[in-house]
Trainee: 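I'd like to ask you about the structure that follows.
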Amino acid sequence: MTMTTLLMALLLATLLITISFWLPTTLPNAEKLSPYECGFDPVGSARLPFSVRFFLVAILFLLFDLEIALLLPTPWASQLPNPLTPMLFATIIISLLTLGLIYEWLQGGLEWVE
């Protein structure tokens, strides 16, 4: 049983590797070979100014990504004998981030085009 499974897996892997070498017909061109630089032309001048809105969206993404990391232990904290403190901290984090998002929205910081 084990030898048959191993032989079938080896045969399937060899077949897929062989097909992957013969099947693709990639034709490299300038678009495929150039690195993607967040929508900016990597061949142009390095002195072009970046949009502040681009950095604002990136910082907001990092902030909400951090929120997920901070709130990840909350389900396990609910199993503690006294879950009030972790739930209070989670509520404070969510409230602060919600207030910050509302402030950013009202100030027009989330509008990409003016």
Trainee: Distance from Leu15 atom CG to Leu10 atom CG, nearest 0.5 Å?
Mentor: 11.0 Å
Trainee: Rounded to the nearest 0.5 Å, how far apart are CG of Leu70 and CG of Asp65?
Mentor: 10.0 Å
Trainee: Under 3.5 Å, which donor-acceptor pairs link side chains of residues 77-102 to any protein atom two or more places apart or in another chain?
Mentor:
unit_1, atom_1, unit_2, atom_2, d
Ser78, OG, Pro75, O, 2.5
Thr91, OG1, Met87, O, 2.7
Ser95, OG, Thr91, O, 2.7
Thr98, OG1, Ile94, O, 2.7

